[in-house]
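To start, the structure itself, in structure tokens.
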Amino acid sequence: MKINRESIHFPSANLLVWYDQEKRDLPWRKTSDPYRIWISEIILQQTRVDQGLPYYHRFLSKFKTVFDLAKATEDEVLKTWEGLGYYSRARNLHFTAKYVVSELNGLFPRDYEGLLALKGVGPYTAAAIGSIAYGLPTAVVDGNVYRVLARFFGIQTSIDETPTQKQIAGLAQEILDKGRPADFNQAVMELGATICTPTGPNCGNCPLRGGCVAVQTNNQACLPIRSKKIKVRTRYFYYLVLFYKGETQVRRRPAGDIWQGLYEFPLIESDASLSDEEILIACNLNSDDVVKSVSDEYVHILSHQRIIARFILVERKKLKNSNYITSAVNKLSSFAFPRLINRYLEKQNFVID
DNA sequence: CATTCGTGGCT
DNA sequence: TAGCCAAGAAT
């Protein structure tokens, strides 16, 4: 079945009526302050509303203006971001705040190109800030847009391929309601998040169902088409929990790898599983170190990585490696992998004061 | 252009 | 449950 996409009418009016009635009550929809819009868009990159919402409140209560953010230290920013992931977003946020204050007098660029030039702001975020804060007629293209438009227009090529991505971006710009770009952009995303969901879309309540090719051909479950598979890398982490005079030793993770600059217990990393004996040899402990326990495996699944961690609890009699920082965990800046670390610490009944 | 960068929720 | 996915950007 061949479909002439030029002949398909996209019912923008239906979508906007639906959005006006059904949109969620979200804090960044009550402001046109570009600073707040910017913060919300960075937080929401690859992040669900439910997950990002508490961080939005925390971040803005701590850094109320771009000047406050520019004045903060990077450690303060990272600590506020702790647990949200993709930490380069936080570093870029801080960098851009300093840039906007020092070079732009604290005023955000008002056009798409200027926004796009900001570190951490790509095509999606520039279009989002431009339309939401300034009413610019620039269509956003995100995962929701790919899904909603691939279904509505019945696009049978993979959204992982550049030509399809360009096609959808072009369609999004064509159908954009130039009178209400902010609402239209958010309406498509809202529809993708609440009705036109990846699995089990609620087509019966969809304002686009009348013209949707996927509905007409009962193809919702097959669209959009993806061609790339996620490959998972397995890594073995052997954390050394070195107690010295009641405190633990930590270090910062190096640049060029996951969680760069965040704090963690010193660790031995391996691509293969190590035996208990191999672990102790690799730890390079000496007679001043008393091994109290070696934990079972903690398996932690990330999107692209499977981390298998074990903890080696050591009572240290002498301070050996001065590169490590001796401190209680929560006095530090953002800690890498907090969820797994806390699972271990809680099981050991360690109190983090 | 392919890969990397987190975390959490869902099926 | 193991994979998939989310208001993407940088390299």
Could you list, one pair per line, each protein nitrogen or oxygen that sits under 3.5 Å from a nitrogen or oxygen of nucleotides 9-11 of chain B, together with the distance?
none

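A nucleotide of DNA chain C counts as in contact with chain A when one of its atoms lies under 4.0 Å from a heavy atom; the first and last such, 5' to 3', are C:dC4 to C:dA10.
Nucleotides B:dT3 and C:dC4 place their P atoms 15 Å apart, quoted to the nearest Å. On the P atoms, C:dA9 is 22 Å away from B:dG8, given to the nearest whole Å. Comparing the P positions of B:dT11 and C:dA7 gives an interatomic distance of 15 Å, to the nearest angstrom.
In this structure, of B:dA2, B:dC5, B:dG6, it is B:dC5 that holds the atom nearest to the side chain of A:Asp257.
Using a 4.0 Å heavy-atom cutoff across all strands shown, A:Ser40 reaches no nucleic acid atom at all. Within the 4.0 angstrom heavy-atom criterion, no nucleotide atom of any strand lies near A:Arg253. A:Gly83 comes within 4.0 angstrom of the backbone, heavy atoms only, and of no base. No contact: A:Ile37 has no heavy atom under 4.0 Å from any strand. Residue-level contact check: A:Trp28 touches the bases, meaning some heavy atom is under 4.0 Å from a base atom. Within the nucleic acid shown, A:Ile43 has no heavy atom closer than 4.0 Å to any nucleic acid atom.
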Mind listing the side-chain donor-acceptor pairs of residues 193-201 of chain A below 3.5 Å, one per line with the distance, residues two or more places apart or on another chain?
from: A:Thr194; atom 1: OG1; to: A:Glu190; atom 2: O; distance (Å): 2.8
from: A:Thr197; atom 1: OG1; to: A:Thr199; atom 2: O; distance (Å): 3.0
from: A:Thr197; atom 1: OG1; to: A:Gly200; atom 2: O; distance (Å): 3.4

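Within the structure, a side-chain polar atom (N or O) of A:Gln305 is placed less than 4.0 Å from OP1 or OP2 of B:dC5. Phosphate proximity of B:dG8 to A:Thr47: absent, as no side-chain N or O sits under 4.0 Å from OP1 or OP2. Between A:Lys231 and B:dT4 there is no side-chain polar atom (N or O) within less than 4.0 angstrom of OP1 or OP2.
No salt bridge links A:Asp25 with A:Arg29; every basic N to acidic carboxylate O contact stays at or beyond 4.0 Å. By the 4.0 Å N-to-carboxylate-O rule, A:Asp50 lies too far from A:Arg24 to be salt-bridged with it. Contact check on A:Lys23 versus A:Asp183 returns no salt bridge, with no Lys/Arg side-chain nitrogen under 4.0 Å from an Asp/Glu carboxylate oxygen. Looking at A:Glu76 and A:Lys79, no side-chain N of the basic residue comes within less than 4.0 Å of a carboxylate O on the acidic one, giving no salt bridge. Between A:Arg180 and A:Asp20 there is a salt bridge, since at least one side-chain N of the basic residue sits less than 4.0 Å from a carboxylate O of the acidic one. Using a 4.0 Å cut-off between charged nitrogen and carboxylate oxygen, A:Glu269 and A:Arg235 count as a salt-bridge pair.
Rounding to the nearest 0.5 Å places CD1 of A:Ile307 at 8.5 Å from NE2 of A:His300.
Other residues, nucleotides and ligands contribute only 12 or fewer heavy atoms inside 6.0 Å of the NZ atom of A:Lys166.
Across A:Tyr56, A:Trp38, A:Tyr35, a single residue satisfies ring-ring contact (aromatic ring centres under 6.0 Å, His included) together with A:Trp28, and that is A:Tyr56. Results of the ring-ring contact (aromatic ring centres under 6.0 Å, His included) test with A:Phe337 over A:Trp259, A:Tyr87, A:Phe311 single out A:Trp259 as the only residue that passes.
Counting to the nearest Å, the C1' atom of B:dT4 and the OH atom of A:Tyr86 are 8 Å from each other. Computed from coordinates, the A:Asp160 CG to B:dC1 C1' distance equals 13 Å when rounded to whole Å. Spacing between atom CZ of A:Arg233 and atom C1' of B:dT4 amounts to 10 Å, rounded to whole angstrom units. Atom OH of A:Tyr55 and atom C1' of B:dG6 are 10 Å apart (whole Å). Across the protein-nucleic acid pair, A:Gln260 atom CD and B:dC5 atom P stand 9 Å apart, rounded to whole Å. Distance, A:Trp259 CH2 to B:dC5 P: 10 Å, rounded to whole Å.
For A:Val49 and A:Val121, each mapped to the nucleotide of DNA chain C holding its nearest heavy atom, the one lying further toward the 5' end belongs to A:Val49. Each of A:Gly120 and A:Glu41 was matched to the nucleotide of DNA chain C holding its nearest heavy atom; the match closer to the 5' end belongs to A:Glu41. Taking for each of A:Thr162 and A:Arg91 the nucleotide of DNA chain B with the nearest heavy atom, the 5'-most of the two is the partner of A:Thr162.
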